[in-house]
A.B. asks: 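I am attaching a structure below and will ask some questions about it afterwards.
Just so you know, ligand 1 is whichever comes first in the structure, and atom 1 is the first atom listed for that ligand. These figures come from a predicted structure and were not determined experimentally.
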Amino acid sequence: MTFDYDLFVIGAGPGGLAAAKKAASYGVRVAIAEQETVGGTCVNRGCVPKKLIVYAADFALQNQIAHSYGWSDCQTYFDWTLFIKSVHQHIDSINQSYFQQLQKAGIELISEHATFIDTHTINIDGRKVTADKILIAVGGQPLKPKIPGIEYAITSREMFQLPYLPKRLAIIGGGYIGVEFSSMMHAFGCKVTVIEKDEMILSGFDDDIRSAVQKGLSKRGIKLFTNSTIQKIKYSDESLLLTITGESREIITADTILVATGYAPNTKNLGLENAHVELGEHGAIKVDEYSCTSQKNIFAVGDCTSRVQLSPVAQAEGIAFADKVFGNKAQKLNYDYVPTAVFCRPEAASVGMTEAKAREKFGESVQCYCTQFQPLLYQLIEQNEPITMKLVLNSDSGLVLGAHMVGEHAADIIQSLGVAIRKGITKEDLDETIGIHPTTGEEFLSLI
Ligand SMILES: Cc1cc2nc3c(=O)[nH]c(=O)nc-3n(C[C@H](O)[C@H](O)[C@H](O)COP(=O)(O)OP(=O)(O)OC[C@H]3O[C@@H](n4cnc5c(N)ncnc54)[C@H](O)[C@@H]3O)c2cc1C
Ligand SMILES: NC(=O)c1ccc[n+]([C@@H]2O[C@H](COP(=O)([O-])OP(=O)(O)OC[C@H]3O[C@@H](n4cnc5c(N)ncnc54)[C@H](O)[C@@H]3O)[C@@H](O)[C@H]2O)c1
């Protein structure tokens, strides 16, 4: 049987784009369908605009300490409307460059919603196209808890479209998105409250990291309610009233409510039943270690599977898929050492095992080194902004199992350390490495 394409990709986010470009580099005929804008969540309503807002918020924090560094106080005014306009202009330019990259690679971009008709046939706005292999890379979408009045809450998607900064922002969920937005919006002067159902924010991270970030956010004035959730939301007198339930029982008032309680795979309205692709928990596409679904010609990568919801992971899965299927290079991804960061202030980053996970696996053999210190930047102004560093080791083998950090440059430091840890370094290797002075990162080389 002949097909219109060798590969049809649904979704042009980091996973779909990486797979399409890699497959095209092997000389196969590729098309990619995108119902919104090329770049997916990451470029249009995730990592990229978020990091630009983090940079904008950092100026506010720097400004608070600038006078201690000899700068005279000056009047400042942050123009959100102007700033968010330039963020969107930058995103447009990324979209344009992605579009050109696809053209150059000979990949056909179809700007439509795609659905399955059968295992080899896709429906695009009433038109049928066929492909030998199909890759599903449709990402995810925000989950909203079923709470009366939840329709008044917005998701991270709308945060990037806010016409003005709210005075009072309530955030339901203290995970990646909730914590990052709490920090950015607080720096711009919003009064921020976070409601998290777990006993601490940032579930999944090492407990010392969770606690250090929590303290850091509270110290700045962000109000945190843990072991709590929202019973109902009511609109009254041009503001929103949230009834908090759980450990705390209180009614708080907000102008804007951000719901950030997780992401669910975007697998509805895709016609997956027509292709007999099996779904698992929360509608995630079931895949094997090579991203193959229950149908041998259909694959899935990124947030629509139940693996790690991060852009570089989606990208790596997309490349591994194309390498195996079109390049004959089978490669299983190792999810054990995926570094990750939360771009709040103080910043948090981690790679490898948390202490709790290591103890589950290695019991008494686990040894941890943990330190807190004042970075030079804050020593001058005597402000308490501690950095937390933690190494998790297997004392039998000496191997470093995990590294965790809270404080300035955490993401960049952990990124580099991640290479070494993935390659199996010991604490001795770190101790023998000569540092760069004066830096924050050098402290990882002399933990006692
Ligand atoms: C606010 C926020 C901040 C984030 N920050 C970071 C960060 O700093 N670092 C990080 O690593 N990750 C971050 N993430 C997560 C990251 O964005 C995702 O993990 C990543 O985008 C997943 O890539 P993907 O290719 O699986 O899906 P997506 O990027 O979601 O792309 C899927 C694409 O498929 C399209 N699509 C869906 N269904 C169809 C269909 N039927 N037909 C055609 N097209 C379709 C969608 O329109 C979308 O463009 C963040 C996420 C959010 C929401
Ligand atoms: N820096 C980054 O890499 C980055 C940034 C943003 C998002 N992301 C990705 O996007 C995904 C989605 O982010 P997210 O923050 O929505 O999810 P998340 O899973 O990180 O956090 C959701 C939080 O909401 C809490 N929660 C759930 N239901 C609740 C309720 N009813 N009331 C109060 N709290 C509740 C959970 O306990 C959890 O702490 C993340 O898992 C992450 O992979 C990554």
Side-chain angles (χ1 to χ4, degrees), residues 9-19 32-51 53-54 110-116 122-125 135-147 150 155-157 159-160 171-181 194-205 210 225-231 244-246 258-272 300-305 307-315 317-318 338-344 347-349 411:
V9 181
I10 310 178
L17 283 173
I32 188 165
E34 173 52 59
Q35 63 188 9
E36 293 194 62
T37 0
V38 178
T41 306
C42 174
V43 166
N44 298 291
R45 46 193 176 275
C47 330
V48 174
K50 181 272 305 290
K51 192 74 190 277
I53 302 179
V54 171
I110 301 169
S111 302
E112 295 285 353
H113 178 76
T115 53
F116 280 91
I122 297 288
N123 174 14
I124 298 172
D125 200 26
L135 176 71
I136 310 167
V138 291
Q141 55 182 328
L143 270 173
K144 278 190 176 187
K146 289 187 178 66
I147 300 167
I150 195 70
T155 68
S156 54
R157 176 186 271 260
M159 285 300 288
F160 299 111
I171 303 177
I172 310 173
Y176 281 87
I177 295 179
V179 165
E180 288 182 343
F181 272 109
V194 178
I195 304 100
E196 165 56 49
K197 73 167 189 207
D198 214 348
E199 79 241 4
M200 271 198 278
I201 56 168
L202 295 180
S203 55
F205 280 82
R210 298 172 77 185
F225 290 94
T226 49
N227 278 327
S228 305
T229 185
I230 299 297
Q231 196 175 41
I244 300 180
T245 175
L258 165 64
V259 60
T261 49
Y263 249 57
N266 212 352
T267 48
K268 287 189 186 133
N269 308 320
L270 199 54
L272 284 173
V301 296
D303 282 8
C304 61
T305 65
R307 293 176 287 189
V308 182
Q309 293 180 326
L310 294 173
S311 288
V313 174
Q315 245 168 24
E317 287 170 353
V338 174
T340 182
V342 187
F343 296 101
C344 53
E347 188 163 275

A.B. asks: Please report whether ligand 2 has a polar contact with Q309, defined as an N or O pair separated by less than 3.5 Å (distance criterion only).
C.D. replies: yes
A.B. asks: Out of A411, C47, G46, who gets a non-hydrogen atom closest to atom 14 (N) of ligand 1?
C.D. replies: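 Looking at heavy atoms only, the winner is C47.
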A.B. asks: Please state which option from C47, G174, A260 has its nearest heavy atom closest to atom 22 (C) of ligand 2.
C.D. replies: A260
A.B. asks: Are any of the N/O atoms on A341, whether in the backbone or the side chain, positioned under 3.5 angstrom from an N/O atom of ligand 2?
C.D. replies: yes
A.B. asks: Output the list of atoms in ligand 2 that are nearer than 4.0 Å to some heavy atom of T229, sorted by atom number.
C.D. replies: 30 (C), 31 (N), 32 (N), 33 (C)
A.B. asks: Considering only heavy atoms, which of I150, D303, I195, T261 lies nearest to atom 29 (C) of ligand 2?
C.D. replies: T261
A.B. asks: Can you tell me if R45 contacts ligand 1 (heavy atom of the residue under 4.0 Å from the ligand)?
C.D. replies: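 So R45 counts as touching ligand 1.
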A.B. asks: Ligand 1 and E180, any nitrogen or oxygen pair closer than 3.5 angstrom?
C.D. replies: no
A.B. asks: Is it the side chain, the backbone, both or neither of A314 that has a heavy atom closer than 4.0 Å to ligand 1?
C.D. replies: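 The answer is the side chain.
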A.B. asks: Between ligand 1 and K51, can you find any atom pair, the residue atom being a heavy atom, that is separated by under 4.0 Å?
C.D. replies: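 Outside the 4.0 Å threshold, so no.
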A.B. asks: Between ligand 2 and Y176, is the shortest N or O to N or O distance under 3.5 Å?
C.D. replies: yes
A.B. asks: If the cut-off is 4.0 Å to any non-hydrogen atom of A137, which atoms of ligand 1 fall inside it?
C.D. replies: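 Near A137, the atoms of ligand 1 are 32 (C), 33 (C), 34 (O).
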A.B. asks: Pick one of side chain, backbone, both or neither for how L202 approaches ligand 2, counting any non-hydrogen atom pair under 4.0 Å.
C.D. replies: neither
A.B. asks: Considering only residues two or more places apart or on different chains, which pairs with a residue in residues 10-19 satisfy salt bridge (charged side-chain N to carboxylate O under 4.0 Å, His left out)?
C.D. replies: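 Not a single pair qualifies under salt bridge (charged side-chain N to carboxylate O under 4.0 Å, His left out).
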A.B. asks: Return the option from L310, I201, I177 holding the heavy atom at the smallest distance from atom 7 (C) of ligand 2.
C.D. replies: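 Answer by nearest heavy atom: I177.
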A.B. asks: Please could you name the atoms of ligand 2 that F343 approaches to less than 4.0 Å, counting only its heavy atoms?
C.D. replies: 1 (N)
A.B. asks: Which one of V308, T41, N44, V38 has a non-hydrogen atom at the shortest distance from atom 28 (P) of ligand 1?
C.D. replies: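 Going through V308, T41, N44, V38 one by one, T41 has the nearest heavy atom to atom 28 (P) of ligand 1.
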A.B. asks: Quick one: list whatever passes side chain to side chain donor-acceptor pair (under 3.5 Å) with T37, sequence neighbours left out.
C.D. replies: none
A.B. asks: Around atom 17 (O) of ligand 2, find the nearest protein heavy atom and jot down its residue, atom name and distance.
C.D. replies: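 For atom 17 (O) of ligand 2, the nearest protein heavy atom is G262 CA, 3.3 Å.
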A.B. asks: For ligand 1, which is the ligand I care about here, please tell me if N269 has any N or O atom under 3.5 Å from one of the ligand's N or O atoms.
C.D. replies: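 N/O-N/O distance below 3.5 Å does not exist for this pair.
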A.B. asks: Decide, yes or no, whether a salt bridge links E36 with R157 under the criterion of side-chain N to carboxylate O below 4.0 Å.
C.D. replies: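 A salt bridge links E36 with R157.
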A.B. asks: I want to confirm something. Looking only at heavy atoms, which of E347, K197, E199 is nearest to atom 34 (N) of ligand 2?
C.D. replies: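 It is K197 that holds the nearest heavy atom.
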A.B. asks: Is the shortest N/O to N/O distance between V342 and ligand 2 below 3.5 Å?
C.D. replies: no
A.B. asks: Atom 5 (N) of ligand 1: which protein heavy atom is closest, and how many Å away?
C.D. replies: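 Answer for atom 5 (N) of ligand 1: K50 NZ, 2.9 Å.
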A.B. asks: Does the side chain of S156 reach to within under 4.5 Å of the side chain of Y176, using non-hydrogen atoms?
C.D. replies: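 The answer is no, as the side chains (C-beta and beyond) never meet within the 4.5 Å cut-off.
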A.B. asks: So, for P14 and S311, which heavy atoms are closest and what is the spacing to 0.1 Å?
C.D. replies: CG-OG, 3.7 Å
A.B. asks: Has ligand 2 got any nitrogen or oxygen that is less than 3.5 angstrom from a nitrogen or oxygen of E196?
C.D. replies: yes
